[in-house]
Amino acid sequence: VGAVTKQTLFPPLMPAGRPFRVSNASRSSRKGIVASSLQELISKTLDAFLISAGIVTLVLEEDGTVVDTEEFFKSLDDNTHFMVLEKGQKWTQTRNGLATVRQKKKMGVANITFDLYKLNPKDFIGCLNIKATFYEIYSVSYDIKCMGAKSVLRKVLQLMSHAAQITGQFLLYTGTYMLQLM
């Protein structure tokens, strides 16, 4: 009775998790994962890399050794580098001990983009966003908001009204001046 009470009151402690590094087959993404068992490491790896297929192989990144037993997993050091391989993927060796990393090819000094969009389906022209990026560090953007068809027509009519008033004033003053001159 005492042994049963002791087990229910004090369950056995879970072993402390150990840190590991896991990368995908192309070595383009690495994740740090803490796990205490091989099964826990595999399940956390599936979650971290958003892998839906449950069939994966865990190998050592340095030489491709398959890690499939709990005893071998326990014998590995902390911060061991693993690689997760999905079905059909194979381990490949790195060049000179370093993974090949492709850098993004730089096209030039500046990149300018134009985005045309509408805030409202009734808009006549829409809006224009101009964004300029220099040396992939500095960026400047300007948003030009055009008005709807009614607003554009209203502004054109106001402009024509002002032009007609100015023309009328000019004709009145010219007529008055000509009348005085005669």
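Computed from a predicted model, the values in this text were never measured in an experiment.
Every residue meeting the side chain to side chain contact (heavy atoms under 4.5 Å, CB included) condition with Ser28, not counting sequence neighbours, appears here in chain and number order: Asn24, Ser26. The side chain to side chain contact (heavy atoms under 4.5 Å, CB included) search around Gln158 returns Arg154, Lys155, not counting sequence neighbours.
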side-chain contact (heavy atoms from CB on, under 4.5 Å) assessment of Phe20 paired with Asn79: CA-CA 4 Å; Phe20 298 102; Asn79 291 317; over 6 Å; no
Is there a side-chain contact (heavy atoms from CB on, under 4.5 Å) between Arg18 and Leu41? Walk through the geometry before answering. CA-CA 10 Å; Arg18 298 176 15 206; Leu41 179 64; over 6 Å; no
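The two residues Ala25 and Gln89 make their nearest non-hydrogen contact at CB-OE1, 3.4 Å. Across all non-hydrogen atoms, the minimal contact from Ile112 to Ala132 is CG1-CB, 4.1 Å.
Residues Val84 and Leu38 share a hydrophobic cluster, clusters being chains of Ile/Leu/Val/Met/Phe/Trp/Tyr side chains in contact below 4.5 Å. Hydrophobic clustering (side-chain heavy atoms under 4.5 Å, transitive across Ile, Leu, Val, Met, Phe, Trp, Tyr) keeps Leu85 apart from Ile42. Phe114 and Tyr142 fall within the same hydrophobic cluster, defined by Ile, Leu, Val, Met, Phe, Trp and Tyr side-chain heavy atoms under 4.5 Å apart, directly or through other members. Side-chain heavy atoms closer than 4.5 Å link hydrophobic residues (I, L, V, M, F, W, Y) into clusters, and following such links, possibly through other members, connects Val66 to Met83.
Side-chain atoms of Ile33 and Phe82, non-hydrogen and from C-beta on, never get closer than 4.5 Å to each other. For the pair Val22/Phe49, a side-chain contact is recorded, criterion being any heavy-atom separation below 4.5 Å from C-beta on. Taking 4.5 Å as the limit, some side-chain heavy atom of Thr65 sits within range of a side-chain heavy atom of Phe72. By the 4.5 Å heavy-atom criterion applied to side chains, Thr45 and Val56 are not counted as neighbours. With a 4.5 Å cut-off on side-chain heavy atoms, Arg30 and Glu61 count as touching.
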What pairs of donor and acceptor atoms, side-chain ones from residues 174-182 against any protein atom, are under 3.5 angstrom apart with sequence neighbours left out?
from: Thr174; atom 1: OG1; to: Phe170; atom 2: O; distance (Å): 2.6
from: Thr176; atom 1: OG1; to: Leu172; atom 2: O; distance (Å): 2.8

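Side-chain atoms of Lys44 come within 3.5 Å of backbone N or O of Val34 as a donor-acceptor pair.
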